[in-house]
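Values in this document were obtained by computation on a predicted structure and should not be read as measured data.
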Amino acid sequence: MALKSLVFAAGSALALAAGGAWAEDSVTIAMQLEPPHLDPTSAAAQAIDSVVYSNIFEGLTRFMGDGSVVPGLAESWEISGDGTVYTFRLREGVTFHDGSAMDAEDVKFSLDRARAEDSTNAQKALFEGITAVEAVDPQTVRITLEAPNGSLLFNLAWGDAVIVAPESVEDIKTNPVGTGAFTFQEWVQGDRITLARNPDYWGDQPALSSATFKFISDPTAAFAAMMAEDIDAFDNFPAPENLPQFEADPRFQVLVGSTEGETILSTNNKQPPFDDIRVRQALAHAIDRQAIIDGAMFGYGTPIGTHFAPHHPAYKDLTGMSAYDPEQAKALLAEAGFTEGFETTLHLPPPSYARRGGEIIAAQLAAVGIKAEIINVEWAQWLETVFRGKTFGLTIVSHTEPMDIGIYARPEYYFQYDSKAVQELMAKLNATTDPDSRTALLQEAQEMIAADYVNGYLFQLAKLGVAKAGLQGLWENAPTAAIDLTAISWAE
C-alpha cells in the first residue's frame, strides 16, 4: 500500500465548539498496550519505549521521525582512522531529573551495565563489539571496538542504549529518572501514565506542559473514546476498519505511515517438525499474505518476503519465494513425512494484527493439514513463555525494532535459528562501513534468510494514527517505537 497522509483541517469555529482544546498545552494520547514497567534497558516490550523514548530517557544519539540518526546527549564525535575508536563529546549542563549532573561516568555505567555478562538488556547484542568504555574526562567518553562497526551510531540510538543514573536503577522500573524533556509524575496501573515538562531540560523546552498516556486495549472502546474526544490522539489505532469514519469527520486527522514492524509468523526452528526446512517452506506457501492484510488490517500493510522493511533503500522484494501455493505446501509436507499433517500451537499476543491475523492463519494452515491450537496470551505471558521460555510452536508478532535483521545471527534468540553462514555474513556487515558494500551485504542476508524459510513473513505493519485536527508534530512514520512528545503542540 502506498504511503498516505490524510489530514483534515477543521475551522476555528469548530475548534472552539470542541472546547478550545487547541489552545491548551497538555495532551492525552492513548495506547493499546500498557508497559510492563518503565525500564527500556531490560525488556523487549515496545510499549516501554513508546512512553519513555526521548521523553524521559535519552542516548548518545537518537532517532528522528524521518528515521535519521542525530546527536543526542553527545553533541559530537570523532572516529579513529581504523574505525575502532569513537570519542564522544558530551553536552554541557545536562542534568538528570533528580538534579544530579550527567557526565561521562554515567555513560560508562550505562553502557557497561547494558553489555555486562549478567545484563538483562533485550538487545544486548548491540553492544557485543565494545571492548572498553572509558570516561576520559567529565565531558568525554571513549568507546573502543574489537573491530569496525558501521552500525554503532545507529545502535546507540536505540531505546536499549539510553543513559541512566547509577543511583536510580534500583527503582527505574517504577520511577524512571532520565535526562529528557519530560519527567515521570504518576502511574495509575491499568489506566494511565502522566509526564510533566522538565523545566531544567538542556535543550529546547517542549510546547507541552504535561502529557498523559491512556491505556485502552479494546478496539471498540478506542473508537468510542476518540469519537467522544475524551482523548486527543490514539497512536497505532487498533481498529483500522473505523478509519474511514475519522477521515470523513473534520474534527480529526488520520495519519497513515510506515513502521519498522516486520510482522511475522515466528517459528520455533528447534522444535520438531519446524527443524525441517521442508516443513518451514510448506508453512510459508500455506500463507496467503494479502488475505491476512485484508482480513486483519483492512488493507493496511505491505507484503514482505523476508525480515526487512520495504521502505529501506536496501530492501529486496523476495515475496515470490514464498508465494501462496497450498498444493505445494501439501507436497512439501508429504515429502517431509507429514502426509496427514500435524498439530502445533499458535500463541497470539493482544494486538489486533496477531489476534485477527491468527484466526485467518489458523484456517489457512488447517487447509493444508496443519492444525494450530490458538492460545491467546497477554504480553507478560508471551514474554515469559515465548520470548524467554521458547515453549511454543508458532506465534505472531511485529518486530518493531529498527533495522533488526541482526537477530538472525543470534542462535539463542527466541525463534532459535542457527546458521553459521548468516552469522559470518552479519559479522562482515558489522565490520563494513562503505554504504554500497553494506547494501550488497544486507541484500545477501535477506536472500539467505528467505531461502532458509526461518519464519513466515507476512507484512510490514502500517502506522495508523488518529488525532484531533489541531494537534501537530506527531510522528507519521515510526522509525522506532516511540511517541515523541518533544515536537508536539496545538495549532494556534
Side-chain angles (χ1 to χ4, degrees), residues 24-29 35 38-41 48-66 68-77 88-107 109-111 138-141 156-169 171-172 174-187 192-213 232-233 235 471-475 479-490 492:
E24 296 179 1
D25 62 354
S26 63
V27 70
T28 298
I29 300 178
L38 296 176
D39 178 11
T41 68
I48 300 173
D49 275 358
S50 293
V51 172
V52 306
Y53 187 86
S54 178
N55 302 324
I56 294 177
F57 291 113
E58 300 174 299
L60 294 178
T61 59
R62 62 156 292 178
F63 293 111
M64 298 299 288
D66 61 0
S68 60
V69 176
V70 301
L73 294 177
E75 64 179 7
S76 62
W77 49 82
F88 293 88
R89 181 68 183 173
L90 304 181
R91 297 185 187 275
E92 300 276 356
V94 178
T95 59
F96 287 103
H97 298 154
D98 61 6
S100 62
M102 191 286 298
D103 60 21
E105 291 293 344
D106 297 306
V107 176
F109 168 81
S110 299
L111 296 182
Q139 300 306 125
T140 309
V141 176
L156 292 175
W158 284 46
D160 307 81
V162 297
I163 306 307
V164 299
E167 61 272 17
S168 73
V169 294
D171 300 320
I172 190 173
T174 55
N175 184 32
V177 175
T179 59
F182 291 85
T183 62
F184 171 76
Q185 294 296 299
E186 180 186 35
W187 186 356
R192 67 187 184 275
I193 289 174
T194 304
L195 310 184
R197 183 165 54 205
N198 174 14
D200 300 316
Y201 184 53
W202 60 264
D204 295 335
Q205 282 287 309
L208 298 175
S209 65
S210 64
T212 299
F213 293 96
D232 299 313
D235 190 69
L471 196 62
Q472 55 193 17
L474 293 162
W475 280 10
T480 190
I483 303 175
D484 185 357
L485 300 170
T486 60
I488 293 178
S489 63
W490 289 99
E492 296 182 2

Can you tell me how far the OG1 atom of Thr183 sits from the CG atom of Asn175, to the nearest 0.5 Å? 10.0 Å

Measure the shortest side-chain to side-chain distance between Leu60 and Leu90 over non-hydrogen atoms and say whether it is less than 4.5 angstrom. yes

Which residues pass the salt bridge (charged side-chain N to carboxylate O under 4.0 Å, His left out) test with Asp235, sequence neighbours left out? Lys463

Quick check: does any side chain N or O of Gln139 sit under 3.5 Å from a backbone N or O of Arg91, one acting as donor and the other as acceptor? yes

Please tell me if the side chains of Leu111 and Leu156 come closer than 4.5 Å, counting only heavy atoms from C-beta onward. yes

Decide yes or no on side chain to side chain contact (heavy atoms under 4.5 Å, CB included) for Leu38 and Ile193, but give the supporting numbers first. CA-CA 10 Å; Leu38 296 176; Ile193 289 174; 3.8 Å; yes

How close do Trp475 and Met64 get, heavy atom to heavy atom, and via which atoms? CZ2-C, 3.8 Å

When rounded to the nearest 0.5 angstrom, what distance separates OG1 in Thr41 from CD1 in Ile163? 10.0 Å

Say whether, by atom type as modelled, one donor and one acceptor occur between the side chain of Ser76 and the main chain of Arg89 under 3.5 angstrom. no

To the nearest 0.5 Å, how far apart are CD in Glu75 and CH2 in Trp202? 9.5 Å

On a heavy-atom basis, which atom in Ala74 and which in Phe88 lie closest, and how many Å separate them? CB-CD2, 3.7 Å

Which atom names give the shortest non-hydrogen contact between Gln185 and Leu195, and what distance separates them? CG-C, 3.9 Å

Given 3.5 Å as the limit, does a donor-acceptor pair link the side chain of Tyr53 with the main chain of Phe63, or not? yes

Please determine whether side chain to side chain contact (heavy atoms under 4.5 Å, CB included) holds for the pair Phe213 and Asn55, giving the CA-CA distance in whole Å, both sets of side-chain angles, and the decisive distance to 0.1 Å. CA-CA 12 Å; Phe213 293 96; Asn55 302 324; 4.0 Å; yes

Any donor-acceptor N/O pair, Asp232 side chain to Ile29 backbone, under 3.5 Å: no

Would you mind reporting whether Val164 and Phe109 have side-chain heavy atoms less than 4.5 Å apart? yes

Quick one: does Trp490's side chain have a donor or acceptor within less than 3.5 Å of a partner on Leu208's backbone? no

Can you see which heavy atom on Asp49 is nearest to which on Pro40, and at what distance? OD1-CB, 3.2 Å

For Asp25, is there any backbone N or O sitting under 3.5 Å from a side-chain donor or acceptor partner on Ser209? yes

First locate atom OG1 of Thr194, then atom CH2 of Trp187, and finally report the distance between them rounded to the nearest 0.5 Å. 12.0 Å

Would you confirm whether Thr61, through its side chain, and Ala157, through its main-chain N or O, come within 3.5 Å as a donor-acceptor pair? yes

Can a donor-acceptor pair be found, under 3.5 Å and without considering hydrogens, that links the side chain of Gln205 to the backbone of Asn198? yes

Please name the pair of heavy atoms, one in Ala233 and one in Leu471, separated by the smallest distance, quoted to 0.1 Å. CB-CD2, 3.9 Å

With rounding to the nearest 0.5 angstrom, report the CZ to CG distance, Phe57 to Asp39. 6.5 Å

Where the side chain of His97 meets the backbone of Pro176, is there a donor-acceptor pair that is under 3.5 Å apart? no

So, Asp171 side chain and Ser168 main chain: donor-acceptor pair closer than 3.5 Å or not? no

Exercise answer: donor-acceptor pairs, residues 479-489 side-chain atoms, under 3.5 Å, sequence neighbours excluded:
{"residue": "Asp484", "atom": "OD1", "partner": "Ser54", "partner atom": "OG", "Å": "3.4"}
{"residue": "Asp484", "atom": "OD1", "partner": "Thr486", "partner atom": "N", "Å": "3.0"}
{"residue": "Asp484", "atom": "OD1", "partner": "Thr486", "partner atom": "OG1", "Å": "2.6"}
{"residue": "Asp484", "atom": "OD2", "partner": "Arg62", "partner atom": "NH2", "Å": "2.6"}
{"residue": "Asp484", "atom": "OD2", "partner": "Thr486", "partner atom": "OG1", "Å": "3.3"}
{"residue": "Ser489", "atom": "OG", "partner": "Gln472", "partner atom": "NE2", "Å": "3.0"}

Least distance between heavy atoms, Val51 atom then Pro35 atom: CG2-CG, 4.0 Å

What pairs of residues pass the salt bridge (charged side-chain N to carboxylate O under 4.0 Å, His left out) test when at least one of them lies in residues 192-212, not counting sequence neighbours? Glu186-Arg192

